[in-house]
S.K.: 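Here it is, the structure in full.
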Amino acid sequence: MTRSPLLAGIDFRAPSHEVARQLVGVLLLVDGVGGRIVETEAYDRDDAASHSYSGPTERNGAMFGAPGHAYVYRSYGIHWCLNFVCREAGHGAGVLIRALEPLAGLAQMRARRGLDAERLLCSGPGKLCQALAVSRAHNGMALALPPFALAAAAPGAAVVAGPRIGISKAMAVPWRFGLAGSRFLSRPF
DNA sequence: CTTAGGATCGCCT
DNA sequence: GGCGATCCTAAGC
């Protein structure tokens with residue numbers, strides 16, 4: 001027997017769209033700062049919109065690593081974006097964390113973002129990495145260990161799905177997931 | 001409300 | 001050289 005692969009009640013070896021749906025509502029903290037995940041997107045190896053689509057490179061290497069670890073990449077040369085690796089090592093699937101409902105460390109978030117409005121602190125993949133101070137240093141780190149902390153979602157959250165945002169390929173795949181009615185989404189569904 | 005442009009890194013053709 | 005899994009600001013309707 002191996003130890004349980006569950007982390008916050010989620011098996012990260014599952015397909016990324018299943019993990020993405022289950023992550024909605026999960027509490028994510030980085031060094032004690034964070035909140036509830038309200039928006040995610042799934043990406044997979046056989047997915048023209050995925051960084052892993054064309055195989056491993058230096059940037060996306062963590063996406064081909066072990067499940068339950070972080071894949072952090074730089075977007076547009078400016079922002080950081082945080083993913084959770086899924087499937088077995090070598091597969092190349094992940095879930096992009098797109099928005100949080102801020103719950104812990106609001107003062108630090110405001111200082112890092114240079115903003116007061118709570119609704120805008122973590123309402124996008126680049127924004128939440130700035131608010132939580134996620135950077136290249138977190139790439140490849142295990143989500144089960146500090147500085148990361150995950151806690152299971154309260155059951156019964158209403159999850160909605162739709163097309164992913166900001167991509168130009170595989171537009172029809174409904175792999176964006178969100179907490180229904182949340183005001184902390186990057187955009188409404 | 002919508003649209004446009006700039007910042008600036010890694011990988012692609 | 002081009003183009004992003006983005007964000008912010010400014011301008012136009």
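Here is how names work: the chains are called A, B, and so on, in the same order as the sequence lines, proteins then strands, and each is numbered from 1. Worth saying up front: this structure is predicted, and the values here are computed from it rather than measured.
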S.K.: If only side-chain N and O atoms count, and only distance matters, is there a donor-acceptor pair under 3.5 Å linking A:Arg98 with A:Ser186?
M.R.: yes
S.K.: Can you tell if the side chain of A:Gln130 reaches within under 4.5 Å of the side chain of A:Lys127, non-hydrogen atoms only?
M.R.: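 No, every pair of side-chain atoms sits at 4.5 Å or beyond.
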S.K.: Between which nucleotides of DNA chain B, 5' to 3', does chain A make heavy-atom contacts below 4.0 Å?
M.R.: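 Answer, 5' to 3': B:dA7 to B:dC12.
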S.K.: Mark yes or no for whether A:His69, through its side chain, and A:Ala66, through its backbone, hold a donor-acceptor pair below 3.5 Å.
M.R.: no
S.K.: Could you tell me if the side chain of A:Ile37 sits less than 4.5 Å from the side chain of A:Phe177, heavy atoms only?
M.R.: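 Not touching, per the 4.5 Å side-chain cut-off.
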S.K.: Here's a test of your reading of the structure: between A:Thr57 and A:Ile78, which maps to the more 5' nucleotide of DNA chain B?
M.R.: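 That would be A:Ile78.
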S.K.: How would you label the contact of A:Glu58 with the nucleic acid (heavy atoms, under 4.0 Å): base, sugar-phosphate, or nothing?
M.R.: sugar-phosphate
S.K.: Between A:Phe84 and A:Phe12, what is the ring plane arrangement, given parallel below 30°, perpendicular above 60°, and tilted in between?
M.R.: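 Perpendicular: the ring planes of A:Phe84 and A:Phe12 meet at over 60°.
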S.K.: May I ask you to verify if any side-chain N or O of A:Arg74 is less than 4.0 angstrom from the OP1 or OP2 atom of C:dT6?
M.R.: no
S.K.: Going by heavy atoms in the side chains, are A:Val173 and A:Asp47 under 4.5 Å from each other?
M.R.: no
S.K.: Taking atom P in both C:dC3 and B:dA4, what distance in whole Å separates the two?
M.R.: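 16 Å, rounded to whole Å.
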S.K.: Does a donor on one side chain sit under 3.5 Å from an acceptor on the other, for A:His51 and A:Asn83?
M.R.: no
S.K.: Salt bridge or not between A:Arg87 and A:Asp11? Use side-chain N to carboxylate O under 4.0 Å.
M.R.: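 No, no charged N to carboxylate O under 4.0 Å.
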S.K.: Only one of A:Leu7, A:Thr40, A:Ile10, A:Val38 clears side-chain contact (heavy atoms from CB on, under 4.5 Å) with A:Val26; which?
M.R.: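 Going through the options one by one, the only one that passes is A:Ile10.
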S.K.: OP1 or OP2 of C:dA5 versus the side-chain N and O atoms of A:His51: is any pair under 4.0 Å?
M.R.: yes
S.K.: For A:Phe189, look at atom CZ and say whether over 12 heavy atoms of other residues, nucleotides or ligands are found less than 6.0 Å away.
M.R.: yes
S.K.: Would you mind telling me which residue lines up with the more 5' stretch of DNA chain B, A:Asn60 or A:Tyr76, judged by nearest nucleotide?
M.R.: A:Tyr76
S.K.: Pair A:Arg36, A:Ser182 - check side chain to side chain contact (heavy atoms under 4.5 Å, CB included), show working.
M.R.: CA-CA 11 Å; A:Arg36 199 167 301 284; A:Ser182 171; over 6 Å; no
S.K.: Atom CG of A:Leu121 to atom P of C:dC7: distance rounded to whole Å?
M.R.: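 Result: 13 Å.
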S.K.: Nearest whole Å is fine: how far is C:dA5 C1' from A:Glu39 CD?
M.R.: 11 Å
S.K.: When the C1' atoms of C:dC8 and B:dG10 are compared, how many Å lie between them, rounded to an integer?
M.R.: 22 Å
S.K.: Can we say A:Arg176 and A:Glu39 salt-bridge, meaning some charged N sits less than 4.0 Å from an Asp/Glu carboxylate O?
M.R.: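 So A:Arg176 pairs with A:Glu39 through a salt bridge.
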S.K.: Tell me, which of residues 159-189 of chain A have any heavy atom that sits under 4.0 Å from an atom in DNA chain B?
M.R.: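 Of all residues in residues 159-189 of chain A, none places a heavy atom under 4.0 Å from DNA chain B.
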S.K.: Which part of the nucleic acid, if any, lies within reach of A:Gly126 when heavy atoms closer than 4.0 Å are counted: base, sugar-phosphate only, or nothing?
M.R.: sugar-phosphate
S.K.: Rounding to a whole Å, what distance do you find between A:Leu115:CG and C:dC7:P?
M.R.: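 Roughly 12 Å, once rounded to whole Å.
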S.K.: Would you sketch DNA chain B in dot-bracket for me? Only Watson-Crick or G-U wobble pairs with both distances under 3.5 Å count, crossing pairs as [ ], other-strand pairs as |, the rest as dots.
M.R.: |||||||.||||.
S.K.: How close or far is atom C1' of C:dT6 from atom NE2 of A:His79, stated in whole angstroms?
M.R.: 5 Å
S.K.: For nucleotides B:dG5 and C:dC13, find the distance between their P atoms and express it as a whole number of Å.
M.R.: 15 Å
S.K.: Can you tell me how far C1' of C:dC7 sits from CZ of A:Arg98, to the nearest Å?
M.R.: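 Whole-Å distance recorded here is 11 Å.
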S.K.: Could you tell me the separation between the CD atom of A:Glu41 and the P atom of C:dT6, rounded to a whole number of Å?
M.R.: 7 Å
S.K.: C:dA5 C1' sits how many Å from A:Phe84 CZ, rounded?
M.R.: 15 Å
S.K.: May I have the distance from A:Tyr73 (atom OH) to C:dC7 (atom P), rounded to whole angstrom?
M.R.: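 Taking atom P of C:dC7 as the reference, OH of A:Tyr73 is at 9 Å.
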